[in-house]
Amino acid sequence: MSETEEFYEVDQVLRLLGNPGRFQIIQFLVLAYQYIPLAMNDFMPIFYGLPPLSVRCVGDPTRNSTDSMITESNQTKAVCSCPNGYIYEYPGKQWSIIADMNLICDKAALVNLASVIYFLGQMLSTPLFGWSADKFGRRPTLLLSNLLYTILTIGLVFSRDYTSFVLLRFFVGVARQGMNSSFFILLMEWTPPDRRGTWAALAELSYTFGVLLITLVAFLLQNWRHIQAFLAAATVLSIPIFWFAPESLTWLCLHSHSDQVLINCKTVAKFNSIVLDGPTNDRIRRFAEKAESAEATRAYSFLDCFRTPNIRRTTMLCCFSWLACYFGYLGSSYLSSEIASDVYLNLAINGLVEFIPILGAYGVASRFGNKLPLVVYFLIGGVCSVVAGAIPGRTYTELVAQNIMAVIGRMFFVGTCCVIFVFTSELFPTVIRNNGFSLCSIALRIGCVIAPLLPLMSPATGVKGSGFLLVGIVGIIAAGSSALLRETKGKPLPDTIQDAEKLGAADSMKLPDGLRLRRFAIRKSLAAPVPIPVIVTIPTPDRRRVD
């Protein structure tokens with residue numbers, strides 16, 4: 001754009017500040033780093049619950065409770081009752097909460113319950129942090145949740161009983177969700193639209209690196225407390241976020257902070273060695289003041305995700321896609337656990353294969369956008385899972401073939417994770433973006449809670465491979481529902497509900513193969529009409545868009 005042309009979109013200001021500059025690169029690295037401790041915490045339950053080789057009563061080596069601990073049908077009072085305590089035998093230096101908290105016999109189920117409680121903490125706190133990030137800003141929510149996450153993670157190192165352990169894990173899940181729901185939105189709102197897809201895919205590499213790092217650390221340290229101490233130290237390294245996570249310009253414009261908009265722009269420009277002359281500062285100030293004067297005060301809630309037809313459809317489709325995304329990712333991980341008998345090798349293989357779809361998404365997002373890759377990833381992941389479930393797995397060859405199909409399916413479900421987050425951030429308008437993310441995150445956590453139960457499906461139903469079949473069916477349905485979402489490639493972020501409705505009404509609803517669906521009729525909302533302000537995009541006869 002010319003040096004005298006007025007700004008009408010935040011994206012134009014972002015390009016002016018560097019696309020990218022040094023500040024944006026460091027900011028990306030600092031914010032993407034948040035994924036590393038989050039991934040480590042997500043996979044810590046594997047090492048919390050490592051079973052011992054054997055368990056015997058203190059002072060009576062003939063009384064062994066290993067069978068009763070592993071096989072519930074063999075549990076008896078005689079075997080599980082050891083008045084003087086138990087002796088646990090682990091390979092090497094390995095040690096888990098089972099031994100520290102005597103989680104055997106009738107307490108064996110408490111090991112899995114701890115994981116469920118962790119995910120419940122994430123799910124139940126999602127609405128709170130979504131509202132907080134929209135009400136008070138992305139930066140305050142991120143800094144507060146990061147502080148809580150660090151304190152609670154350190155506290156887990158010193159937990160001595162099961163009650164304190166699960167309470168801390170619950171609140172770690174709460175704080176984890178606060179970080180997750182704020183730092184990714186902040187990253188996307190500081191990234192120009194032509195780089196959002198690529199940078200979101202690169203951010204996923206941090207999560208994969210976290211999976212590989214926790215595997216290596218667990219292999220070297222083996223004791224769960226020592227692993228937890230390393231995780232706590234890794235969390236402390238998030239301190240630089242204080243300096244490289246300024247509030248997003250989009251949020252500031254929508255909440256009447258025009259002075260802070262100019263301050264943030266000057267800070268970023270100075271760091272990037274970009275000179276903002278007087279006329280440019282004036283243009284930024286006029287843009288922020290126009291946005292401020294255009295705003296009508298209104299509190300947005302989760303109900304706004306359902307008031308209007310296009311956003312309502314988007315909300316429901318995105319929620320199902322998020323559920324299917326992690327249901328397939330975690331479900332495939334649990335079901336393919338037979339790839340390697342060694343827990344460390346198994347997790348390492350799962351982590352390494354994640355690089356393939358993530359690196360592929362680096363180029364795919366910039367070339368094809370988000371909609372088509374998401375549909376393809378869900379479809380191939382679902383088909384591969386169905387094929388894996390259809391293979392009997394009786395012979396060694398069949399078992400190998402089943403595991404190969406499971407790994408391929410999991411790879412493509414990882415690909416959906418690389419696309420779905422940035423795609424969703426571009427579909428929802430700024431005023432309810434965090435509310436939309438929160439609803440989708442709830443759906444995602446429901447998938448996380450259900451996924452660990454998939455290995456129990458075959459014994460319960462008597463149908464071998466039923467877990468894979470369910471993952472595949474859900475993935476295929478998600479491919480069809482994702483095709484109904486609008487494409488966002490090369491388009492600016494919608495700022496208001498009115499903007500999103502216009503984009504949805506104008507979308508041609510193209511399927512990946514070029515077929516067209518009849519547009520949904522836009523009906524009047526049953527809710528009382530509420531005037532929707534145009535906030536960041538300023539209406540003017542000479543308005544221009546820079547895509």
(request) Would you check if Ser164 and Leu167 make a side-chain contact, meaning some heavy-atom pair closer than 4.5 Å? (result) no
(request) Using distance alone, with no hydrogens and no angle criterion, decide if Glu354 and Tyr207 have a side-chain donor and acceptor under 3.5 Å apart. (result) no
(request) Test the Arg169-Tyr118 pair against the cation-pi criterion, namely NZ or CZ under 6.0 angstrom from the six-membered ring centroid and within 45° of the ring axis. (result) yes
(request) Verify, without hydrogens or angle tests, whether Arg138 (side chain) and Leu186 (backbone) share a donor-acceptor contact under 3.5 angstrom. (result) no
(message) Within the structure provided, determine whether Pro357 and Phe412 are in side-chain contact (heavy-atom separation under 4.5 Å).
(response) no
(message) Would you say that Leu237 contacts Tyr33 through its side chain, given a criterion of any heavy-atom pair below 4.5 Å between the two side chains?
(response) yes
(request) Kindly compute the distance separating CG (Leu128) from OG1 (Thr141), expressed to the nearest 0.5 Å. (result) 8.5 Å
(request) Considering non-hydrogen atoms only, spot the tightest contact between Ser321 and Ile420 and give its length. (result) CB-CD1, 3.7 Å
(message) Within the 4.5 Å heavy-atom criterion, are Tyr90 and Ile98 side-chain neighbours or not?
(response) yes
(message) Within the 4.5 Å heavy-atom criterion, are Ser96 and Phe47 side-chain neighbours or not?
(response) no
(request) To the nearest 0.5 angstrom, please state how far the OG1 atom of Thr163 sits from the CE atom of Met101. (result) 9.5 Å
(request) Could you tell me which non-hydrogen atom of Leu31 sits nearest to which non-hydrogen atom of Ala245, and how far apart they are? (result) CD2-CB, 4.3 Å
(message) Exactly one of Asn146, Val30, Leu142 should register a side chain to side chain contact (heavy atoms under 4.5 Å, CB included) with Phe183. Which one does?
(response) Leu142
(request) Write down the atom of Val166, the atom of Ala114, and the distance for their closest heavy-atom approach. (result) CG1-CB, 4.0 Å
(message) Which residue is it: Phe165, Phe43, Trp95? I am looking for the one with a ring-ring contact (aromatic ring centres under 6.0 Å, His included) to Tyr48.
(response) Phe165
(message) Please evaluate residues Gln27 and Trp190 with respect to the criterion side-chain contact (heavy atoms from CB on, under 4.5 Å), reporting the C-alpha separation (whole Å), side-chain torsions for both, the decisive distance (0.1 Å), and the verdict.
(response) CA-CA 9 Å; Gln27 181 191 58; Trp190 268 105; 3.4 Å; yes
(message) Is there a side-chain contact between Thr191 and Gln24 in this structure, where contact means two heavy atoms from C-beta onward sitting under 4.5 Å apart?
(response) no
(message) Are Val55 and Ile87 packed together at the side-chain level, in the sense that at least one heavy-atom pair is separated by less than 4.5 angstrom?
(response) no
(message) What verdict does the side-chain contact (heavy atoms from CB on, under 4.5 Å) test give for Leu427 and Leu317, after you've listed the backbone C-alpha separation in whole Å, the side-chain angles of each residue and the deciding distance to 0.1 Å?
(response) CA-CA 11 Å; Leu427 287 168; Leu317 292 174; over 6 Å; no
(message) On a heavy-atom basis, which atom in Glu426 and which in Asn370 lie closest, and how many Å separate them?
(response) OE1-ND2, 3.1 Å
(request) Examine the side chains of Gln94 and Asn223 and answer whether a donor and an acceptor come within less than 3.5 Å of each other. (result) no
(message) Quick check for you: to the nearest 0.5 Å, what is the distance between Leu147 atom CG and Ile239 atom CD1?
(response) 10.0 Å
(request) In sequence, state the C-alpha distance, the side-chain angles, and the governing distance for Val172 and Tyr149, and then conclude on side-chain contact (heavy atoms from CB on, under 4.5 Å). (result) CA-CA 6 Å; Val172 165; Tyr149 185 82; 3.9 Å; yes
(request) Determine whether Pro91 and Gln222 make a side-chain contact, defined as any pair of heavy atoms from C-beta on separated by less than 4.5 Å. (result) no
(request) Working to the nearest 0.5 Å, report the span between CD1 of Ile227 and CG of Leu156. (result) 13.0 Å
(request) Locate the shortest heavy-atom distance separating Val419 from Pro373; write the atom from each residue and the value. (result) CG2-CB, 4.3 Å
(message) Is it true that, when you exclude Tyr35 itself, more than 12 heavy atoms of the residues, nucleotides or ligands shown sit nearer than 6.0 Å to its OH?
(response) yes
(message) Using the ring-ring contact (aromatic ring centres under 6.0 Å, His included) definition, which of the options Tyr329, Phe378, Phe421 pairs with Trp322?
(response) Phe421
(message) Pair Leu347, Ile46 - check side-chain contact (heavy atoms from CB on, under 4.5 Å), show working.
(response) CA-CA 9 Å; Leu347 189 55; Ile46 295 176; 4.2 Å; yes
(request) Keeping the roles fixed (side chain from Arg139, backbone from Glu247), state whether a donor-acceptor pair exists under 3.5 Å. (result) no
(request) Go through the side-chain N and O atoms of Ser54 and Glu89 and say whether any donor and acceptor fall under 3.5 Å apart. (result) yes
(message) With no hydrogens and no angle check, just 3.5 Å: does a side-chain donor-acceptor pair link Thr235 and Thr150?
(response) no
(message) Once side-chain contact (heavy atoms from CB on, under 4.5 Å) is applied, do any residues pair with Leu454, and if so which ones, sequence neighbours excluded?
(response) Phe327, Leu335, Met457, Leu470, Val471
(message) Can you confirm whether the side chains of Arg410 and Ser333 place a donor and an acceptor under 3.5 Å from each other?
(response) yes
(request) Check for a donor-acceptor pair, side chain of Lys371 on one end and backbone N or O of Leu485 on the other, with a separation under 3.5 Å. (result) yes
(request) Can you see which heavy atom on Ser145 is nearest to which on Ser182, and at what distance? (result) OG-OG, 4.4 Å
(message) Quick check for you: to the nearest 0.5 Å, what is the distance between Gln402 atom CD and Ser385 atom OG?
(response) 10.5 Å
(request) Could you grab the distance from atom CG of Leu120 to atom CG of Leu113, nearest 0.5 Å is fine? (result) 8.5 Å
(message) So does Cys305 get a backbone contact from the side chain of Thr315, meaning a donor-acceptor N/O pair under 3.5 Å?
(response) yes
(request) Would you tell me whether Asp100 and Tyr162 have side-chain atoms, one donor and one acceptor, within less than 3.5 Å of each other? (result) no
